[in-house]
Protein chains: 2
Amino acid sequence: MTATMNLERAGTSPAARSAHSCSDCPVRDVSFCAGLDEEERSAFTAMRRQKQLLPGEALAWQDEESPFLAVVREGIVKNTVMDANGGEQTVGISRSGDFVGRPFSGPTPYGISAVGPVELCVFPRNDFDRLANERQGVGHHMLKVTLDELQRTRRWLLMLGKKSATQKVSAFILEFARNGRDLADDEACVVELPFGRQEIADILGLTIETVSREFTGLRRHGVIDLPSRRSVAVKDLAALADASGEVTYN
Amino acid sequence: MTATMNLERAGTSPAARSAHSCSDCPVRDVSFCAGLDEEERSAFTAMRRQKQLLPGEALAWQDEESPFLAVVREGIVKNTVMDANGGEQTVGISRSGDFVGRPFSGPTPYGISAVGPVELCVFPRNDFDRLANERQGVGHHMLKVTLDELQRTRRWLLMLGKKSATQKVSAFILEFARNGRDLADDEACVVELPFGRQEIADILGLTIETVSREFTGLRRHGVIDLPSRRSVAVKDLAALADASGEVTYN
DNA sequence: CGCGAAATTGACTCGCCTCAAGGTGAGTGG
DNA sequence: CCACTCACCTTGAGGCGAGTCAATTTCGCG
């Protein structure tokens, strides 16, 4: 956790970066990487190349063949699908340690691009597929990761299908406020959002105007504060959880 | 395909049914089952029990531990999540040959229930997990199936996030009209919908009234006809595809 | 035929989108 | 250090699509 701190906003020293191996990688114990044993890890190290993406830069385009798979070292990557009218819907978000891309198949049915600066470990798909076939552990671990991702995507369906704009935005902020840790009644915690308003709109299936209005609405009700464009100070966590339409069993 | 016909609306002769093995199963070459070799198939046969569900009957409840996994032999099964207000959102649909339930983990985070009468091959989860761990092929095949399911769920996200009621209902009908086959310009094909209006609403994130209005709207525009409650006759496929907001590359 | 569940229809409301101006703030060059 | 600028965000007015509430109607089935 704290090990990732010193890498924030890196990307200024590419040469130094590519010298790293898994052993000192900040995500070696997170998500996908955490499930690999030493032998598997070194197999991955052998085939991977490091790559950096600038904010907004794409790793793969929708419906095009992409020869790459990747693991996120640092930063956030999103998967998006284009609507017929040019609208964009975000269908997946990958953070540090998460796996990105689609093994065993042709064209990626969604675009993959960086949210802010990103560092990746990139694998040629052929090599990865072979490894997943040969090494029992890799395929099995991959399965677990995919099942988890499917689960998250299904929750997301509930949000898009049944929640109001207020509930969507509240749930979104809550997600980042909690971000792993428990966060009992820590009032006044400040969250740095990695997304701009338009990106939030694309995630929640709303327009940018509605997102903005919901933010200011929550501020007016004293639930949050907005010290800067991309940061949110949660002032009343209980109220936020309530507004998100969460069921509280008390 | 045609082999499934003689099993429709079965469920009247449980004893006869449970005598079946994989070798004469209608779904042995579909979806999950299709990816297994003979040896794996017999391993599954050894551990499975057959089970029938009445329309609406549940196999697992949301957030409760379920000791079962299953493959659908006949009928349709849905995964649903309850909203805070008692609203229901369908987050997954499984058809003949599809895998149902969540391996390798605790409580199922969604409810599983039958749409119409259903026949299943049920496996104790422990046994299944062990098999998936021991036999390379099973885990690997399971991964492919899960990746496909994730993909379908992501498309669904786009629908819920960005499409209008008309587009949703049109796309829904289209899905069943095509159902695998290509269906070039076969006008006047009749589709039997396995879902009632409320169930369609729960899938599309709409209300039952809106779904109903969209159906009659499409009928008034001569796009479809509604010979009975659960059947739709597609009269103008091109218009339907157009109404669904599909991109046509012509 | 008659009952009950499911579907349809109508009137009305409200939430979110659309379109159109302003603000705001970080980065740039004078 | 300040004006400039451009991207991003906010705010407002207005319209429309989908939800809500409330009857009916229709269909499937005993």
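What you see is a predicted model, and the numbers here were worked out from it, not measured in a lab. Lettering follows sequence order; numbering is per chain, from 1. All heavy atoms count here, side chains included; hydrogens, waters and symmetry mates do not.
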Asks: Return the set of residues passing side-chain hydrogen bond (donor to acceptor under 3.5 Å, both in side chains) with B:Ser113 (not counting sequence neighbours), or none when no residue passes.
Replies: none
Asks: Holding to side-chain hydrogen bond (donor to acceptor under 3.5 Å, both in side chains), I want the full list of residues that pass it with A:Arg95, two or more places apart in sequence or in another chain.
Replies: A:Asn179
Asks: Tell me, which pairs form a ring pair (Phe, Tyr, Trp, His ring centres under 6.0 Å) where one or both residues lie in residues 152-174 of chain B, sequence neighbours left out?
Replies: B:Phe172-B:Phe176
Asks: Roughly how many Å is it from CZ in A:Arg197 to P in C:dT24, rounded to a whole number?
Replies: 15 Å
Asks: Under the side-chain hydrogen bond (donor to acceptor under 3.5 Å, both in side chains) rule, collect the residues that match up with A:Arg219, sequence neighbours excluded.
Replies: none
Asks: Run the side-chain hydrogen bond (donor to acceptor under 3.5 Å, both in side chains) test against B:Asn79 and tell me which residues pass, sequence neighbours left out.
Replies: none
Asks: Generate the contact string for nucleotides 12-23 of chain D. Rules: B means base contact, S means sugar-phosphate contact only, - means no protein heavy atom under 4.0 Å.
Replies: BB----SSBB--
Asks: Rounding to a whole Å, what distance do you find between B:Glu199:CD and C:dA6:C1'?
Replies: 11 Å
Asks: List the residues meeting ring pair (Phe, Tyr, Trp, His ring centres under 6.0 Å) with A:Phe99, not counting sequence neighbours, and say none if there are none.
Replies: A:Phe32, A:Phe128
Asks: For the helix from C:dC1-D:dG30 to C:dG30-D:dC1, how many degrees between its two end axes (five pairs per end), to the nearest 10°?
Replies: 30°
Asks: Between C1' on C:dT8 and CG on B:Leu218, what's the gap in Å once rounded to a whole number?
Replies: 15 Å
Asks: Under the salt bridge (charged side-chain N to carboxylate O under 4.0 Å, His left out) test, which residues partner A:Arg49, sequence neighbours left out?
Replies: none
Asks: Starting at atom CG of A:Leu226, determine the distance to atom P of C:dG25, rounded to an integer number of angstrom.
Replies: 12 Å
Asks: Within this structure, what is the NZ-to-C1' distance between A:Lys162 and C:dG15, rounded to whole angstrom?
Replies: 16 Å
Asks: Could you check whether A:Thr216 gets within reach of a base, just the sugar-phosphate, or nothing at all, counting any heavy atom under 4.0 Å?
Replies: sugar-phosphate
Asks: Look at B:Arg178 together with B:Glu246 and state whether they make a salt bridge at an N to O cut-off of under 4.0 Å.
Replies: yes
Asks: Between atom CD1 in A:Ile208 and atom C1' in C:dT18, what is the gap in whole Å?
Replies: 14 Å
Asks: Identify, with sequence neighbours excluded, every residue that meets side-chain contact (heavy atoms from CB on, under 4.5 Å) alongside A:Ser212.
Replies: none
Asks: In terms of side-chain geometry, is the basic nitrogen of A:Lys78 or A:Glu88 positioned less than 4.0 Å from the acidic oxygen of its partner?
Replies: yes
Asks: Between the protein and nucleotides 26-29 of chain D, which nitrogen or oxygen pairs are less than 3.5 angstrom apart?
Replies:
residue: D:dT26; atom: O2; partner: B:Arg229; partner atom: NH2; Å: 2.4
residue: D:dC27; atom: O4'; partner: B:Arg229; partner atom: NH2; Å: 3.4

Asks: Between B:Gln198 (CD) and C:dA7 (C1'), how many Å, whole number?
Replies: 11 Å
Asks: For A:Arg213, enumerate each residue passing the salt bridge (charged side-chain N to carboxylate O under 4.0 Å, His left out) test, keeping only those at least two apart in sequence or located in another chain.
Replies: none
